[in-house]
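Step one of this worksheet: look at the structure below.
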Amino acid sequence: PAGETLLEVRGLRAGYGAGAVVRDLDLTVVSGEVVALVGPNGAGKTTTLLTLAGELSPLAGEISFFGDSRPQRLHQRASRGLGLVTEERSVFMRLTTMENLRVGRCDIDYALDLFPELKSKLRMTAGLLSGGEQQMLTLARALSRSPRLLFVDELSLGLAPLAVDRLLTAVRRAADDGLGVLLVEQHVDKVLKLADTAIVLRRGTVEMAAPAAELRERFHEIEASYLQG
Ligand code: ATP
């Protein structure tokens, strides 16, 4: 149901042993919502996603996943409905588009409904798709597993603006269909147009957290924080 709390994070401290890279992070993702995590390079966005996914152990803080705050590894969270999409294209290049979609238990029709442009490429080897199409296929594969919560880390890295728009539109539509999304994205201007909430991370702490519409009005402040790194 829309508005169900999927992820609740309080006072997260995360890093790689020696010291904390991320401190005092709070965030909530509910179904039907896109929460954008933005900020300059090195701010700690990927570290946050990896920790929340269960790839890295948190140094402190509480992470409640689908109402369960026990520590869990990625595969446990995945089996409860977490999908994770990272910047490296996770398609099998030698398989066809269709074969890529068939791997695992999948709702292929839903995936193709979100990306109708893949329909004419079903028999094509994925390695021959354009970069944008490969990322569509990556996202389609993740969505076809019917996750309840999806983490997306810079899916649009290096893609042309039109392909970026295409991917972000599909993310928004999936959220409108009930998915909760935590989205790390470099294209801040684009992401503020489609997210419900945005969190600006800088040097490991939350600099701003507000409805995306509000942060659109304060875009110059965000740009300034990017320039300061
Ligand atoms: P980008 O947009 O460049 O991907 P980011 O906001 O995702 O940046 P992170 O990748 O989370 O930032 O990196 C935050 C900090 O953690 C950086 O200072 C980085 O050097 C450090 N870091 C990242 N990975 C490791 C690692 N495996 N071991 C130690 N430190 C790391």
Side-chain angles (χ1 to χ4, degrees), residues 7 9-29 34-63 65 71-75 77-78 82-90 131-132 134-135 138-139 142 149-161 163-165 167-168 171 180-210 212 215 218-229:
L7 173 64
V9 179
R10 292 292 164 252
L12 181 71
R13 213 179 151 78
Y16 303 87
V21 166
V22 174
R23 296 173 302 279
D24 287 328
L25 181 95
D26 295 345
L27 69 84
T28 302
V29 184
V34 177
V35 176
L37 193 57
V38 301
N41 288 341
K45 304 179 298 293
T46 299
T47 303
T48 300
L49 276 201
L50 292 179
T51 306
L52 297 181
E55 283 278 84
L56 274 175
S57 295
L59 303 176
E62 184 165 326
I63 302 170
F65 244 96
Q72 293 167 333
R73 306 296 304 167
L74 174 59
H75 67 93
R77 289 185 171 156
L82 173 67
L84 178 62
V85 175
T86 57
E87 62 192 75
E88 67 249 32
R89 293 177 185 150
S90 68
Q134 286 175 3
Q135 288 305 61
T138 298
L139 191 55
L149 176 63
L150 184 68
F151 290 174
V152 183
D153 193 1
E154 293 185 23
L155 183 65
S156 64
L157 207 69
L159 297 182
V164 177
D165 290 343
L167 290 163
L168 292 179
V171 166
V181 182
L182 182 57
L183 182 66
V184 170
E185 181 52 64
Q186 286 293 340
H187 297 84
V188 185
D189 52 336
K190 290 181 191 292
V191 93
L192 289 181
K193 286 184 192 142
L194 72 93
D196 296 286
T197 306
I199 297 170
V200 182
L201 209 59
R202 187 161 79 96
R203 296 182 186 165
T205 59
V206 175
E207 186 159 84
M208 294 180 231
L215 290 183
R218 298 168 62 190
F219 190 62
H220 56 284
E221 289 175 50
I222 300 177
E223 276 187 314
S225 94
Y226 269 71
L227 291 174
Q228 289 158 22

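This one's a predicted model, so the numbers in the text were calculated from it and none came from an experiment. Atoms within each ligand, like the ligands themselves, are counted from 1 in listed order.
Nearest approach of L149 to F65, heavy atoms of both residues: CD2-CE2, 3.5 Å.
A salt bridge links D165 to K190: at least one charged side-chain nitrogen sits closer than 4.0 Å to a carboxylate oxygen.
Near ligand 1, residues Y16, V21, P40, N41, G42, A43, G44, K45, T46, T47, E154, Q186 come within 4.0 angstrom through at least one heavy atom.
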**OP:** Please report the C-alpha distance between N41 and Q186 in whole Å, then the side-chain angles of each, then the deciding distance to 0.1 Å, and finally whether the side chain to side chain contact (heavy atoms under 4.5 Å, CB included) criterion is met.
**Re:** CA-CA 9 Å; N41 288 341; Q186 286 293 340; 3.5 Å; yes

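For the side chain to side chain contact (heavy atoms under 4.5 Å, CB included) with V38, the qualifying choice from L183, V184, V188 is V188, the only one to do so.
Put simply, the side chain of K45 gets close to the backbone of P40: a donor and an acceptor are under 3.5 Å apart. With hydrogens and angles disregarded, no donor-acceptor distance shorter than 3.5 Å links the side chain of D24 to the backbone of G11.
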